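Here is the structure we will look at.
This is a predicted model, so every value here is computed, not measured.
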Amino acid sequence: MLRIAQVLFAFYATMSLLAAQETSGRFAVVPRPAHVEPGDDEFLLTEDSRIAFDGSDETLARAAAELGRRLRQSTGYPLNLIGADDANDGDVALELIVDPSLGDEGYSVIITDNRVMIGANGGGGMLYGIETFMQLLSPEAYSSSTVRKDEWVVPTGVIRDSPRFAWRGMHLDVSRHFFPAEFIYRYIDMLAMHKFNVFHWHLVDDQGWRVEIKRWPRLTEVGAWRVDREDKHWNAREPQGEGDRATYGGYYSQEEIRDIVAYAAERRITIVPEIEMPAHVTCALAAYPQFSCTGGPFTVPPGGVWPITDIYCAGNDSTFIFLEEVLTEVMDLFPGKYIHIGGDEATKTEWEICEKCQARIKDEGLADEAELQSYFIRRMEKFLVSKGKRLIGWDEILEGGLAPEATVMSWRGVAGGIAAAREGHDAVMTPTSHCYFDYYQGRQELEPLAIGGYLPVSKVYAYEPVPDSLTDDEAKHILGAQANVWTEYIPTPEHVQYMTLPRMAAMAEVVWSPKEGKEWTDFARRLRPLLHRYEARGYDYARSAYSVDPAVLFDSAGQRLVVSLSSEMGTGDVRYTLDGSDPSAASTLYRKPIRMERTATLRAAAFSGAEKLSGVTSQPVFVHSALRKSVTYAVRPVRYNGGGDGALTDGIRGGFLHADGRWQGMQGRDLEATVDLGKYVQIRTVATTHLQNTYSWIFFPARVEYLAGNDTTEMKRVAVFERPLTDEHDGPSIIEFREQFKNLSARYIRVKATNVAVCPEWHLGAGQPTWVFLDEIVVE
Ligand code: TNX
């Protein structure tokens, strides 16, 4: 205690004011610490460095062992453990201090030119202090094999740090795809590295039951296995048929779970298990159909199920006895305070016609099925509370009235969290808009198939968990935030890492670091060494934040299209080509917006020296006669009308993402657009593009016609294209129609795209209206 105070005094006295104003200066710690005072000297960790601590304290002994283990691994130095009083120049000292302002999880790291001191009130803070110290070394400190160096340089300075929120969560869905126990350990390491303290383990969903329950063995014997349709798109997987063997899946034994829980606890991570109810449980009903309203039979679905109508029967008392027995074993495995009971997305059509459910509604004086769900959750809460636990559930548990002590996880936006906090309930924020790591993190054409959406790392970073509309008292109920990793489209551990890193780092900063001083460019700068730490650990991670985003703009002064290039990271050299070739380290360096003189495809990537940091972004730009000419529609598109009225003649075509803000789409009817070229001109070519993505009910047009004329009332058909209807699902694909003319002059060009009109027999939406899409009418 005394020693730290003395050093601190000396240190502050010599520190320059300028350095103090710097936020994170020479330190590249993620999440950003609350207070950083950079020095201007360095400490050298060498072969002679030792770890000093008071050996009679068990917390310190454990922390010292952990720090020693980690440092030995990468440096190869002996790092002997010594008593606190033997500490000398060049050593790293761990000390328990008494500093209420740091709380249970806070710590300080003080580095002078001859000593490192990590101080905390207890074990939690000490672990975080060690993690921070590790990040002050070069990234190879995270390597599991020895990196030979004579010395490891650590910048001097003082860090005092404690977290902003108590709930710093990461979730993982192991039902949609199962990941073996060894990956769960790795995932916990990833969380620990980012100072998360909650692992929300989504153990149950329709597609697989993943936790061994001894009293109800068929939950895993049957419920953990499904027919293997991994070769098909998630939403195009046929249910298990007669004679199909359910071979795909897996589960965690109770023994494995106990070991994982202990491993997490050593890293100060509490596991919150999620046992879904009353919906998202087809796997449980496949094992025990007696707990459904209909009695089944059911099979474990190998892919998407929507809507979810096969749910637990709420009228049957044995359902509750079953669930209580399941939860009893779950509570025995997971010592944490919270049990997550799901509660989301229950379609209650079976309850509406189930005699037992209706009898329950009557007997309990409930108004409707929404209140029956509320009854269900309250009943489970009573049970959990009687065992000293707390219930947490998705925001649907607000419907029909919230159980008395429940905590709400707000996912459908933030309204659920706000409502809960106003009612005096705790809430954890996890809105899809900022927290869904199953969404795309970069340009779709450069990313592996994902569920949809767009959540780049900078948007995660921008998230603020406490809504403005809450009073200070209400805001106290916002425990923190969490990112969710749903795995419908994430089949492997490597892919989980790719989807979570580095977005997890941004979320870590949202929940750990102070709101003040948040700045994207500062984070982006600290992200680079973090990515090198990922490499040292052997983690797969996404470089999507480096990829180049083009913005095509019309320069009205110069009357031409210009393209400006940027990336989220804003670092690295952007290089590009206009001849269709792949950019290399020798290609033109981007300095200022590029003027487009003619139709070309701009291809760009980020480089650091000779190393290519990103994928190649392709942006075709069309410089043609209809550019910026006015367009009128027979019926104006409404929902998909990206770019407004000028979008069909803005020089840019829509891409694979139907909601990319470029496409014009029409549902259930044809799309007809007419371009006014302004004067009578000779026309050599007309071309249009169209999108198909049957999963989103978008089909290529059945027929496309081009008409030309000098007057909109008298137009002549000049080209026709027919397109057979696809007889199977087709993900995002784009088709171009193009017609060349020898002798055509006109002022108006009309494009008529005939909609398929209704989804075919084989489609989930059979008989429902389809979309037809069109972008850029190119006229040359
Ligand atoms: C909604 S979030 C779900 C999950 C899906 C997820 C996909 C929530 C409570 N329910 O079942 O996996 O969307 O993004």
Separation between OG of Ser614 and CD of Glu568, rounded to the nearest 0.5 Å: 12.0 Å
Does the side chain of Glu396 come within less than 4.5 Å of Arg412's, by heavy atoms? yes
With His690, the ring-ring contact (aromatic ring centres under 6.0 Å, His included) member among Phe721, Phe699, Phe737: Phe737
Any idea which heavy atoms bring Gly668 and Asn755 closest together, and the distance? N-ND2, 3.2 Å
How close do Met715 and Tyr748 get, counting heavy atoms only, and between which atoms? CE-O, 3.5 Å
For the pair Arg229 (side chain) and Glu238 (backbone), establish whether a donor and an acceptor sit closer than 3.5 Å, ignoring hydrogens and angles. yes
Look up atom CD1 in Ile749 and atom OG1 in Thr674, then write down how far apart they are to the nearest 0.5 Å. 9.5 Å
Please check if atom CG in Asn743 has more than 12 non-hydrogen atoms from other residues, nucleotides or ligands closer than 6.0 Å. no
Any non-hydrogen side-chain atom of Met504 less than 4.5 Å from a side-chain atom of Met507? no
Check Leu530 against Ala505 and note the closest heavy-atom contact, atom names and distance. CD2-CB, 3.3 Å
Which pair of heavy atoms, one from His434 and one from Val460, lies closest together, and at what distance? O-CG2, 3.8 Å
Parallel under 30°, tilted from 30 to 60°, perpendicular over 60°: which one fits the rings of Tyr640 and Trp771? perpendicular
Could you tell me whether Lys518 and Glu464 make a salt bridge, using a distance below 4.0 angstrom between a side-chain N and a carboxylate O? no
How long is the span from the CH2 atom in Trp663 to the CG atom in Asn641, to the nearest 0.5 Å? 14.5 Å
Does this structure show an ion pair linking Arg533 with Glu535, if we count only N-O contacts that are shorter than 4.0 Å? no
Can you confirm whether more than 12 heavy atoms, excluding those of Arg738, are under 6.0 Å from its CZ atom? yes
Carboxylate-amine/guanidinium proximity below 4.0 Å for Asp676 and Arg747: yes
Specify whether Trp234 and His177 have parallel, tilted or perpendicular ring planes, treating 30° as the upper limit for parallel and 60° as the lower limit for perpendicular. tilted
Just checking Glu722: does its CD atom have more than 12 heavy atoms from other residues, nucleotides or ligands closer to it than 6.0 angstrom? yes
Plane angle bin for His624 and Phe622 - parallel if under 30°, tilted between 30 and 60°, otherwise perpendicular: perpendicular
Charged N to carboxylate O below 4.0 Å: is that the case for Arg628 and Asp650? no
Ionic contact status for Arg503 with Glu509, cut-off 4.0 Å: no
Cationic tip of Arg560 above Phe554 ring, under 6.0 Å, 45° of axis: no
For Glu761, is the CD atom crowded, meaning more than 12 foreign heavy atoms sit under 6.0 Å from it? no
Would Tyr489 and His233 satisfy ring-ring contact (aromatic ring centres under 6.0 Å, His included), going step by step from the backbone distance to the final call? CA-CA 9 Å; Tyr489 295 83; His233 186 281; 5.5 Å; yes
Measure up the Tyr541 and Tyr534 rings against each other and bin them: parallel (under 30°), tilted (30 to 60°), perpendicular (over 60°). tilted
Taking all heavy atoms of Val686 and all of Phe741, pick out the closest pair and write down the distance. CG2-CE1, 3.7 Å
Do Tyr695 and Pro732 come within less than 4.5 Å of each other through their side chains, counting heavy atoms only? no
Mind listing the closest non-hydrogen atom pair of Gly654 and Arg662 along with its distance? CA-CB, 3.6 Å
Are any of the side-chain nitrogens in Lys752 or Asp670 under 4.0 Å away from the carboxylate oxygens of its partner? no
Report yes or no: do Asn484 and Thr430 form a side-chain donor-acceptor pair below 3.5 Å? yes
Quick one, Glu447 with Ser544, criterion side chain to side chain donor-acceptor pair (under 3.5 Å). Give me CA distance, side-chain angles, the key distance, then yes/no. CA-CA 8 Å; Glu447 296 291 328; Ser544 317; 2.6 Å; yes
Test: Glu611 and Arg543 ion pair at under 4.0 Å: yes
